Amino acid sequence: MKAPRQQARVHGPETKDQRPRALRWEHAPGNKLGDPKHCIARRDFFRFASGLAVLVGVRSGLSVSSADSSHRPGALVDVNVSISHWPTRRVEFDEAPELAKLLRSRGVSQAWVGSLDGMLHKDIAAANARLARACAQNGRGLLLPFGTINPVLPDWREELRRCAEAHRMHGIRLYPNYHGYKLDDPASASLLRAAAERGLIVQIALAMEDERMMHPLMRVAPVDPTPLVRLVREIQGIRLVLINALRLVRGEPLGQLIRSGEVYVEISTLDGVGCVERLVTEIPVERVLFGSNAPLFYFESAALKLRESSLSPTQLAALCAGNAIRLMPRGVGRGSRTP
Amino acid sequence: MSAAPDRMEIWDVHCHLSGVPGNTPEERLERLIGYADRLGIQKLCICMGMEWAYDPSPEKLRKDNDDVLRAIRRFPERAFGFVYLNPKHTQASIDELNRCVADGPMVGVKLWVAEKCNSPALDPIVRRAAELRAPIYQHTWLKITGNLPGESTPMDLAELARRHPDAQFICGHSGGDWEVGIRAVRSCQNVYVELSGGDPVAGVTEMAVRELGAERVLFGSDAGGRSFASQLGKVTGASVPETAKRLILVGNLRRLLRPILTSKGFSTHRSTTIEHQ
């Protein structure tokens, strides 16, 4: 079987089903409930998830050229992945070389990567340097590092400077609940303002795991995002991506956040049948990004959500890549920017 | 109708009529099946009604089970029913078991959070289920935030399973805190673990297969509260052999249900529909 990227180039619009066998689903639209045709070939099934990004691209005629002509058709941008070790268990693919292979094999064309070391390590400078190095040395531009900033630590502005200037990162990732501050603390406003001035995307992790199953010595309440509504309105140019957020904030509170400014969410913790199609009736699809939370979560879980929901080609294109690419400066992702 | 030999089915052992759009049980199951179709899921085991109660009265049990009966009768080729029982109402539960399983089309038992499952109150229910060869799905969770008063842990289920070696149990949600839950039921050969309900945290399927063997692991989604997708990814994304995935996705549940399906005159051969013989 050819690599998914190659398939994406080969196959054009779906006037005739020329997709590789692994990407064909026999329960074509119009099949009646109970029709045995929806049963899929077993080999095909196990290949399905890995080829999903391409499948989505082919089915939808996905083109992100309007956002950035450098990106391939079938592009998939995963805005929520991490490297290094989760504190209470080892997870497969938690080192950059293995993670890059996993993401490539799943059709991911760009991944925004944080370091789990940033959650609990006090020497965040070293964690960020390792992250930058790992992303530069693996994946040939696939992995874009998002360094961690802890505004409770002394001299955090130097950390921010290094992320922007030394490591040439495009964004940062925050773990307020693991770093012991709330979003209405003055430190939060200072950090968000400084990040906006540098043009950095800010990712805020509202949680890292289900509260019910935390290690007894590492119980951490989720982040309350409510203060962001005011902060986003006040801070010019801030661009926020809330990660691991959609189990915690939905409905009107989410709507308020989205309306407050340039705020995005990703789908890794979104759940419920047809969850993505339902979400895009609540908030504009332009604010929804693809995120897997790999390798802490199985990548396939996020990818399959795109299949489960009924989404238009335009919606898929925006969600898979277009929105994320629009957030990034032009040309990003075609090579390492880390010196 | 037989499927081609190279085709694989997926059976989901844990689905609900809640969290799904629709005004009637039939409408909701139709919607659920529509989503399942998108992921190639063939069979759905349905339990509990349109609206849930932690501690249902006998009347509420009957209503909930009637909802499920209505739904599965509309789609008999796609859905199985598990009868919802409350051990606090032992006789009413046995009556429901007889109505829905012995004399009706349902094929399993669902127990939720009304009573901790190591209670002696469960014994008559388990004995009757074993007579009917109906597997018992017991919700389990081990919460650091604290369980509900009647919410069972996987350790409670292990205790029950040891009292009833002739019954077959499904440890719902792998105990929630699966790294502990899988250990808790490891020595109980009559307990399967089911993967639904939690976030798709990497490693759950690998640990279950490693510690229990693939033959004791079942795919379930907990749809509609969870998506089929988030839970199916736990299996398709796991680093386990394809043979193990096939067992988890269909083989084990088919084997587990074969006695009761056969007793009801259903065929469980490799097919895409269950047929009356």
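In the text below, chain A, chain B and the rest are named by the order of the sequence lines, each starting its count at 1. What you see is a predicted model; the values in this text were computed from it and never measured. Any value given below was found using the heavy atoms of this structure, including those in side chains, with hydrogens, waters and symmetry copies removed.
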For A:Glu92, all residues meeting salt bridge (Lys or Arg N to Asp or Glu O under 4.0 Å), sequence neighbours excluded
none
Part of [X] within contact of chain A (heavy atom distance under 4.5 Å):
X: B:Leu32; value: side chain
X: B:Val180; value: neither
X: B:Ser221; value: neither

For A:Pro216, is it the side chain, the backbone, both or neither that has a heavy atom under 4.5 Å from a heavy atom of chain B?
both
Is chain B contacted by the side chain of A:Arg90, its backbone, both, or neither, given a heavy-atom distance below 4.5 Å?
neither
We want to know whether [X] and [Y] form a side-chain donor-acceptor pair, criterion being a heavy-atom distance below 3.5 angstrom.
X: A:Glu209; Y: A:His215; answer: no
X: A:Glu266; Y: A:Ser268; answer: yes
X: A:Arg173; Y: A:Ser82; answer: yes

So, for B:His16 and B:Trp52, is the gap between ring centers shorter than 6.0 Å?
yes
If we define contacts as heavy-atom pairs under 4.5 Å, which of [options] has the most with chain B?
options: A:Leu102, A:Thr269, A:Asp271; value: A:Asp271
options: A:Val273, A:Asp210, A:Val91; value: A:Val273
options: A:Met214, A:Arg247, A:Met213; value: A:Met213

Do any of residues 206-214 of chain B have a heavy atom less than 4.5 Å from a heavy atom of chain A, and if so, which, in residue order?
B:Glu206
Single hit among B:Trp112, B:Trp178, B:Trp141 for ring-ring contact (aromatic ring centres under 6.0 Å, His included) with B:His173
B:Trp141
Per the ring-ring contact (aromatic ring centres under 6.0 Å, His included) rule, which among B:Phe266, B:Trp11, B:Tyr137, B:Phe75 passes with B:Phe80?
B:Trp11
Crowding at CD, A:Glu98 (>12 non-hydrogen neighbours, <6.0 Å)
yes
With a sphere of 6.0 Å drawn around CZ of B:Arg183, does it hold more than 12 non-hydrogen atoms of other residues, nucleotides or ligands?
no
Top residue by heavy-atom pair count (under 4.5 Å) with chain A, among [options]?
options: B:Asp222, B:Asp177, B:Thr145, B:Leu142; answer: B:Thr145
options: B:Ala238, B:Ala229, B:Ala223; answer: B:Ala229
options: B:Ser227, B:Gly233, B:Gly19; answer: B:Ser227
options: B:Gly237, B:Pro200, B:Gly225; answer: B:Pro200

Hits for side-chain contact (heavy atoms from CB on, under 4.5 Å) against A:Ser309, two or more places apart or cross-chain, chain-then-number order -> A:Val276, A:Glu277, A:Leu311
Please step through side chain to side chain contact (heavy atoms under 4.5 Å, CB included) for the pair B:Asp156 and B:Thr140, ending with a clear verdict.
CA-CA 8 Å; B:Asp156 297 330; B:Thr140 64; over 6 Å; no
Suppose we screen for side chain to side chain donor-acceptor pair (under 3.5 Å). Which residues come up paired with B:Lys143, at least two apart in sequence or across chains?
B:Glu151
